[in-house]
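Values reported hereafter were calculated over all heavy atoms of this structure, with side chains retained and with hydrogens, waters and symmetry mates removed.
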Amino acid sequence: MNILDKIIVDKKREVILKKLIIPVTQLESSVFFEKKTISLSSNLRNSNSGIIAEHKRRSPSKAEINYSFTVEEVTKGYENAGACGISVLTDGKYFGGSLDDLLLARATVNIPLLRKEFIVDEYQILEAKAHGADLILLIAAVLTRDEIKSLSEFAKSLGLEVLLEVHNQEELEKSIMPTLDMIGVNNRNLKTFEVSLDFSKQLAAQIPDDFVKISESGISSIEAINELKPFGYKGFLIGENFMKTDNAGKAAAEFISKLKN
């Protein structure tokens, strides 16, 4: 069983337990259910940097990245730096995140927030909406086509945008449907953790132009982004590169400023 399989087994158990404690009606009574979401896809189409900055304390591949910042410091820093949106990890066991991180981010910034999570159930999409997210992530590697369809339709019914993550041609082909807004290519193989920008380059031509193309993971330089832009990528998700510094917001600001020059 690889790490991704383990995460999904744990996640399904976690959702069952949460459903026993917090009813759907409680999530639906959140103030955010009435709030209009902010569009990341629109921000990316109109940006000349396309940076989606990530709040991530740790990961299975890097035991600890950074525990010294508050969510407010990181997210405010990202917003001030000119990020198009912010990705907030909400998985606890493997990434050290929580839904509280999403809530605190929402209280701090006014740019699009992605709930970065291993979504396997509509309940998690309700949680995302109830905690202030503007969009959700669906990972093609762990979902069937029917699941992607039903989960993306449910997200759209709540006014949330959908970013679908793929890693290879097979995942892309099974997933393309009108209820997606953005398609992200993960340059990290979630089964082996090997990273290569070639994954983004190889899949670019297969992604229809109706979707905003995003490249995720392993992007640590301006050169990498300039290499990917000719392939039609509009968004670039960067987490560890900023979080491993002693000031994530400042690192993002310097990176974005160089990118715009």
Side-chain angles (χ1 to χ4, degrees), residues 1-19 52-67 71 74 86-102 114-125 127-128 133 135-148 151-152 162-175 182-203 214-220 224 235-244 248:
M1 190 186 273
N2 62 49
I3 186 70
L4 188 57
D5 295 332
K6 282 184 192 158
I7 291 172
I8 296 305
V9 167
D10 286 341
K11 199 55 60 179
K12 287 181 175 173
R13 281 200 204 109
E14 187 184 296
V15 172
I16 289 166
L17 291 171
K18 281 186 168 184
K19 282 179 172 178
I52 304 158
E54 190 159 79
H55 179 271
K56 176 163 74 172
R57 292 187 184 88
R58 62 182 166 94
S59 74
S61 60
K62 292 271 165 68
E64 184 175 319
I65 298 166
N66 203 323
Y67 274 87
V71 177
V74 174
I86 297 172
S87 164
V88 180
L89 260 303
T90 60
D91 172 78
K93 180 175 177 182
Y94 297 92
F95 290 87
S98 74
L99 279 165
D100 276 352
D101 290 343
L102 185 57
L114 163 68
R115 179 185 188 188
K116 185 87 173 282
E117 181 57 271
F118 298 86
I119 289 181
V120 291
D121 193 288
E122 285 183 1
Y123 184 84
Q124 294 163 289
I125 300 175
E127 284 182 325
L135 66 150
I136 58 150
L137 176 75
L138 295 178
I139 301 173
V142 301
L143 299 167
T144 64
R145 180 174 174 81
D146 287 346
E147 286 169 334
I148 293 166
L151 291 169
S152 60
V162 179
L163 164 60
L164 179 94
E165 176 179 301
V166 299
H167 181 68
N168 56 41
Q169 179 116 13
E170 187 189 341
E171 289 175 7
L172 180 62
E173 285 172 0
K174 80 168 181 189
S175 307
M182 293 153 277
I183 293 181
V185 178
N186 194 341
N187 298 308
R188 176 177 285 116
N189 183 326
L190 290 175
K191 293 173 181 174
T192 64
F193 284 96
E194 171 211 356
V195 176
S196 168
L197 293 184
D198 289 342
F199 293 120
S200 280
K201 293 176 186 174
Q202 286 158 8
L203 287 180
I214 295 174
S215 185
E216 308 169 13
S217 298
I219 299 167
S220 56
F236 308 92
L237 194 143
I238 302 178
E240 200 178 302
N241 203 43
F242 300 148
M243 288 296 293
K244 69 184 180 187

Report the residues that fulfil side chain to side chain contact (heavy atoms under 4.5 Å, CB included) with [X], sequence neighbours left out, ordered by chain and then residue number.
X	answer
Q169	E173, L203, Q206
A128	R115, A133, I136
D146	T144

Using a 3.5 Å distance criterion without hydrogens, assess whether the side chain of [X] forms a donor-acceptor pair with backbone atoms of [Y].
X	Y	value
K174	A140	yes
K116	H55	no
D101	S98	yes

Taking the side chain as every heavy atom from C-beta outward, state whether [X] and [Y] have any pair of such atoms under 4.5 Å apart.
X	Y	value
L164	S152	no
F199	H167	yes
L151	E122	yes

What's the separation between atom [atom1] in [X] and atom [atom2] in [Y], rounded to the nearest 0.5 Å?
X	Y	atom1	atom2	answer
E171	I148	CD	CD1	8.5 Å
L138	I183	CG	CD1	11.0 Å
S87	L137	OG	CG	7.5 Å
I3	I8	CD1	CD1	10.5 Å
N186	I214	CG	CD1	12.0 Å
E165	L237	CD	CG	9.0 Å

Closest approach of [X] to [Y] (non-hydrogen atoms, all atoms of both residues):
X	Y	answer
G92	R58	O-NH2, 3.1 Å
S220	N241	O-ND2, 3.4 Å
R57	G96	NH1-O, 2.6 Å
V195	G218	CG1-CA, 3.5 Å
F118	Q124	O-NE2, 3.0 Å

**Given V166, L163, I52, the one that forms side chain to side chain contact (heavy atoms under 4.5 Å, CB included) with E216** = L163
**Item:** Side-chain donor-acceptor pair present, S217, N187, cut-off under 3.5 Å
**Value:** no
**With sequence neighbours excluded, residues passing ring pair (Phe, Tyr, Trp, His ring centres under 6.0 Å) with Y94** = none
**Message:** side-chain contact (heavy atoms from CB on, under 4.5 Å), that's the test. Do K56 and F95 meet it? Break it down for me.
**Reply:** CA-CA 7 Å; K56 176 163 74 172; F95 290 87; 4.0 Å; yes
**Stepwise salt bridge (Lys or Arg N to Asp or Glu O under 4.0 Å) check, E127 with K18** = CA-CA 10 Å; E127 284 182 325; K18 281 186 168 184; 3.3 Å; yes
**Request:** Report the C-alpha separation of D91 and K11 in whole Å, then their side-chain angles, then the decisive distance to 0.1 Å, and conclude whether the side-chain contact (heavy atoms from CB on, under 4.5 Å) test is met.
**Result:** CA-CA 9 Å; D91 172 78; K11 199 55 60 179; 2.6 Å; yes
**Request:** Check the pair I219 / L197 against side-chain contact (heavy atoms from CB on, under 4.5 Å), numbers first and verdict last.
**Result:** CA-CA 8 Å; I219 299 167; L197 293 184; 4.2 Å; yes
**Test salt bridge (charged side-chain N to carboxylate O under 4.0 Å, His left out) applied to K19 - qualifying residues, sequence neighbours left out** = D121
**Item:** Pairing residues for D5 by the salt bridge (charged side-chain N to carboxylate O under 4.0 Å, His left out) criterion, not counting sequence neighbours
**Value:** none
